Amino acid sequence: MPDAKELLRINHEVTSERDPEKRRSAIERAYVEDLRFIDASGEVVGRQAFSDRIQKILDDAPADFVLEEEGLAYVGPDTAAQPWRFGPPGSPVIHGIDVLTLRDGKVSVVRGLVGS
């Protein structure tokens with residue numbers, strides 16, 4: 001069973017992968033079936049809805065935008081968080097943080113917060 005730090009790594013892999021087929025196995029491995037994803041656009045429930053939302057975010061961004069980890073990861077017994085930046089490599093246009101709620105060794109909630 002992956003620990004919180006590994007789940008953060010997988011979350012980064014999932015949210016930065018533009019190919020939905022490559023994303024699928026990581027989602028099945030690390031997220032509960034009734035996963036909730038919450039961001040400024042609202043809330044979606046389920047693995048496929050999460051993957052679809054990530055796909056839309058990535059498809060709407062310019063092709064040269066990359067998601068990069070920024071700073072330290074934060075880990076607790078049932079929560080983990082990773083700051084990130086999104087934009088051209090080395091020139092981010094968006095900063096944020098993903099906060100994960102963990103249940104039974106998997107991610108049950110992803111909250112994507114954007115800096116203002």
Side-chain angles (χ1 to χ4, degrees):
M1 186 177 327
D3 64 11
K5 197 166 185 176
E6 176 67 5
L7 290 170
L8 281 171
R9 188 198 65 73
I10 295 169
N11 187 69
H12 177 76
E13 175 186 322
V14 165
T15 56
S16 61
E17 177 56 63
R18 291 182 182 264
D19 181 339
E21 293 303 315
K22 290 181 182 175
R23 203 170 38 240
R24 178 169 312 178
S25 67
I27 289 175
E28 290 175 4
R29 185 172 76 247
Y31 300 83
V32 298
E33 288 186 35
D34 60 341
L35 167 70
R36 292 173 47 222
F37 176 71
I38 305 162
D39 70 357
S41 295
E43 179 176 343
V44 297
V45 177
R47 291 173 177 163
Q48 188 60 54
F50 171 59
S51 184
D52 293 346
R53 178 70 184 115
I54 296 303
Q55 191 67 49
K56 178 163 179 30
I57 292 168
L58 295 171
D59 286 349
D60 288 350
D64 67 334
F65 275 35
V66 295
L67 182 67
E68 299 173 308
E69 293 176 344
E70 182 170 65
L72 297 173
Y74 301 88
V75 177
D78 63 355
T79 307
Q82 177 66 60
W84 49 262
R85 60 184 178 250
F86 190 56
S91 299
V93 297
I94 301 170
H95 294 263
I97 188 168
D98 283 345
V99 180
L100 313 181
T101 301
L102 313 177
R103 181 177 80 215
D104 301 326
K106 292 190 173 188
V107 179
S108 61
V109 180
V110 178
R111 287 179 179 82
L113 306 175
V114 176
S116 58

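Because the structure is predicted, anything quoted here is derived from the model rather than measured.
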### Side-chain heavy atoms of T101 within contact of R111, under 4.5 Å
yes
### Message
Would you compute the distance between atom CD of E69 and atom CG of N11 and round it to the nearest 0.5 angstrom?
### Response
9.5 Å
### Query
What is the distance from atom CD1 of I38 to atom CZ of R53, rounded to the nearest 0.5 Å?
12.5 Å
### Message
Ignoring hydrogens and geometry beyond distance, is a side-chain donor-acceptor pair present between E70 and H95 at under 3.5 Å?
### Response
yes
### Task
May I ask you to test the L8-H12 pair for a side-chain heavy-atom distance under 4.5 Å?
no
### Message
Please report the interatomic distance CD(E17) to CD(Q55), rounded to the nearest 0.5 Å.
### Response
9.0 Å
### Query
Less than 4.5 Å apart, any side-chain heavy atom of D52 and any of V44?
no
### Closest approach of V110 to Y31 (non-hydrogen atoms, all atoms of both residues)
CG2-CE2, 4.0 Å
### Message
Measuring from atom CZ of R23 to atom CD1 of I10, what distance do you get when rounded to the nearest 0.5 angstrom?
### Response
15.0 Å
## Note on the structure
Looking only at heavy atoms, the pair that brings A4 and L102 closest together is CB-CD1, 3.6 Å
### Query
Mind checking whether R103 and D34 have side chains closer than 4.5 Å, heavy atoms only?
yes
### Message
As an exercise, state the distance from CD1 of I57 to CD1 of I94, rounded to the nearest 0.5 Å.
### Response
9.0 Å
### Query
Would you call S16 and F86 a side-chain contact if the rule is heavy atoms closer than 4.5 Å?
no
### Query
If you take all heavy atoms of G71 and Q82, which pair is closest and at what distance?
O-NE2, 3.3 Å
### Query
Got a second to check how far E6's CD is from E13's CD, nearest 0.5 Å?
8.5 Å
### Task
Group every Ile, Leu, Val, Met, Phe, Trp and Tyr by side-chain heavy-atom contacts under 4.5 Å, then state whether V93 and V114 land in the same group.
yes
### Message
Between E33 (side chain only) and G46 (backbone N and O only), is there a donor and an acceptor less than 3.5 Å apart?
### Response
no
### Query
So, for F37 and D39, which heavy atoms are closest and what is the spacing to 0.1 Å?
CE2-OD2, 3.4 Å
### Over all atoms of both residues, closest heavy-atom pair of L7 and L100
O-CD1, 4.0 Å
### Summary
Residues A26 and V14: closest non-hydrogen pair is CB-CG2, 3.6 Å
